[in-house]
Protein chains: 2
Amino acid sequence: MAEALTSEAILAATEEVLRRYGPAKATVVDVAKALGVSHGSVYRHFPTKAALREAVTRRWLDAQHLAMEPAFDQGLTAAEMLRAWLQKLFDRKKLSHVDEPELFATYLVLVRESRGIPEYHVEHLVGQLARIISAGVETQEFVTDDVDRTAQAVWDATDRFHHPAHAQEWGDPHIQDAFDAVVSLVIAGLRYNRIPSAAGDA
Amino acid sequence: MAEALTSEAILAATEEVLRRYGPAKATVVDVAKALGVSHGSVYRHFPTKAALREAVTRRWLDAQHLAMEPAFDQGLTAAEMLRAWLQKLFDRKKLSHVDEPELFATYLVLVRESRGIPEYHVEHLVGQLARIISAGVETQEFVTDDVDRTAQAVWDATDRFHHPAHAQEWGDPHIQDAFDAVVSLVIAGLRYNRIPSAAGDA
DNA sequence: GGACTGACAGATTTCAATATCTGTCAGCAG
DNA sequence: CTGCTGACAGATATTGAAATCTGTCAGTCC
């Protein structure tokens, strides 16, 4: 035999098979064939096909999260940082949707099919948002009595520009305009926002 | 023969057939059968199956628009009116999605399949939003230099609570909380919002 | 003994034949 | 003459038999 079969090699091969055949056609047998082993060997490293797919998905998401890590070192206001972060997220999503629609669709299917993965993804990004908003609260640029809740609200309010269900709208020529309008509205709200914890509003 | 076949009767029968069989199974033959005529007769009133479906859809949407017509007569602030209108829209959507999921899905398919119908629907509702915001600007409760653009931004920011792509999230127990947070953020933004017409922001 | 194979059962997918539907139109009935 | 019918051609949908896939495991190889 040549070399030991590693989980890493299986993940890489699975990624390649998913790219080539798409999520609907990719089979465990294909992965094994690409590695030159029997498909029984793959089951020695991953208990089910679903677990294998989920491992690939989590790996990909972690790379996305790393790429979105906000940079606090520059001399930007919180509003500028927030706008830049949201714009970067939007640009990345838009680009991958326009440039590689099939790969985008593939990972969309993968993310959706695993319970808990979408939550994992959103919670991570909302956490990054919260850190930016928190910085704004410290400099008294933003006002809020619940940073996490507000971060979630900003995420929800900008759903149209990052939720894959809206991907088809990202090709609209006026989409950047709509993005600017929503982000400006949200930032204006952050400057004077007091979200009630249960009910009531001024 | 009994009575003349009218377009009205065909529309009513089509609605019934769509309710009973769903959008995938409903056929022109079914409609004709329900009316006790040959399917050729239906084509005397509607040129294609698509035109027939679109007529039913437009009829249904007009009823929805009427139900959402904002009431300006009460002694409410613009913020209260805006919140109430958004809540009503959310409640109506949520209710029809929870109470009659099949009918909701049926009209969702119908709305999507006709080019132009979604735009017709959204433009109408954003128009209602614009009237509420416009009232707020007149009382100096809200600030904006472009009512229509701002109305669209409010619509976009609340997408999660009316766009059917998010319907599955409406069953979440915390959804009302998320709604309140977003609406409060948006209303805070409206009080101090100045959306740039092309680029740049303070 | 630990890693891999290959045959297997049950579940899922594919594919081609069969049936149904859409849209048209010549002809019939009042 | 006007409104409806029913047969028709091409397009679409349904079905069930055959092929493939998933997950297991007794057995092989070093």
Side-chain angles (χ1 to χ4, degrees), chain A residues 1-58 102 105-106 108-115 117, chain B residues 1-58 102 105-106 108-115 117:
Chain A
M1 84 190 41
E3 283 149 31
L5 182 62
T6 65
S7 295
E8 252 313 307
I10 294 175
L11 285 178
T14 305
E15 239 179 60
E16 175 56 22
V17 167
L18 281 166
R19 266 171 222 269
R20 186 181 296 277
Y21 299 109
K25 298 274 189 178
T27 72
V28 176
V29 171
D30 291 330
V31 173
K33 222 177 293 179
L35 290 163
V37 299
S38 81
H39 77 279
S41 298
V42 174
Y43 282 94
R44 188 157 287 283
H45 294 263
F46 296 93
T48 64
K49 183 186 187 183
L52 175 57
R53 284 170 161 246
E54 184 170 325
V56 169
T57 308
R58 207 171 277 271
E102 287 168 26
T106 293
L108 176 52
V109 168
L110 290 179
V111 168
R112 289 202 183 178
E113 78 187 6
S114 308
R115 297 279 158 214
I117 285 274
Chain B
M1 88 190 41
E3 283 148 31
L5 182 62
T6 65
S7 295
E8 252 314 306
I10 294 175
L11 286 177
T14 305
E15 240 178 59
E16 174 57 21
V17 167
L18 281 166
R19 266 171 222 268
R20 186 180 295 277
Y21 300 108
K25 298 273 190 177
T27 71
V28 176
V29 172
D30 291 330
V31 174
K33 221 178 291 179
L35 290 162
V37 299
S38 81
H39 78 278
S41 299
V42 174
Y43 282 93
R44 188 156 287 283
H45 294 262
F46 296 92
T48 65
K49 184 187 186 183
L52 174 57
R53 284 170 161 245
E54 183 170 325
V56 169
T57 308
R58 206 171 279 271
E102 288 169 25
T106 293
L108 176 52
V109 169
L110 289 178
V111 168
R112 288 202 185 180
E113 78 188 6
S114 308
R115 298 277 157 216
I117 285 273

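Just so we're on the same page: letters track the sequence lines, and every chain starts at 1. Quick caveat, the model's predicted, so the values are computed rather than measured.
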According to a strict under-4.0 Å criterion, is Lys25(A) in side-chain N/O contact with OP1 or OP2 of dT20(D)?
no
In this structure, how many angstroms lie between the P atom of dC25(D) and the CZ atom of Arg44(A), rounded?
12 Å
May I have the distance from Tyr21(A) (atom OH) to dT20(D) (atom P), rounded to whole angstrom?
14 Å
Show, in sequence, the C-alpha distance, side-chain angles and deciding distance for Asp30(A) and Thr27(A), and conclude whether the side-chain contact (heavy atoms from CB on, under 4.5 Å) test is met.
CA-CA 5 Å; Asp30(A) 291 330; Thr27(A) 72; 3.1 Å; yes
If you compare every side-chain N and O of Ser41(A) against the phosphate oxygens of dT5(C) (OP1, OP2), does one of them come in below 4.0 Å?
yes
Backbone N or O of Pro23(B) within a donor-acceptor pair of the Arg53(B) side chain at under 3.5 Å?
yes
Quick check for you: to the nearest 0.5 Å, what is the distance between Tyr43(A) atom OH and Leu52(A) atom CG?
8.5 Å
Taking atom P of dC4(D) as reference, at what distance in whole Å does atom CZ of Phe46(B) sit?
13 Å
Value in whole Å for how far the P atom of dC21(D) lies from OH of Tyr43(A):
11 Å
Given atom NZ of Lys49(B) and atom C1' of dA11(D), what is their separation to the nearest angstrom?
12 Å
Please give, in whole Å, the distance from dC21(C) P to Arg53(B) CZ?
13 Å
To the nearest Å, how far apart are His45(B) NE2 and dG23(C) P?
16 Å
Would you mind classifying the nucleic acid contact of Val28(B) as base, sugar-phosphate or nothing, using non-hydrogen atoms under 4.0 angstrom?
sugar-phosphate
State whether the distance check finds a donor on one side and an acceptor on the other, under 3.5 Å, for side chain His39(B) versus base dG6(D).
no
In short, Ala26(A) meets Tyr21(A) closest at the heavy-atom pair N-CB, 4.1 Å
Rounded to whole Å, how long is the line connecting atom CD of Glu113(B) with atom P of dT22(C)?
12 Å
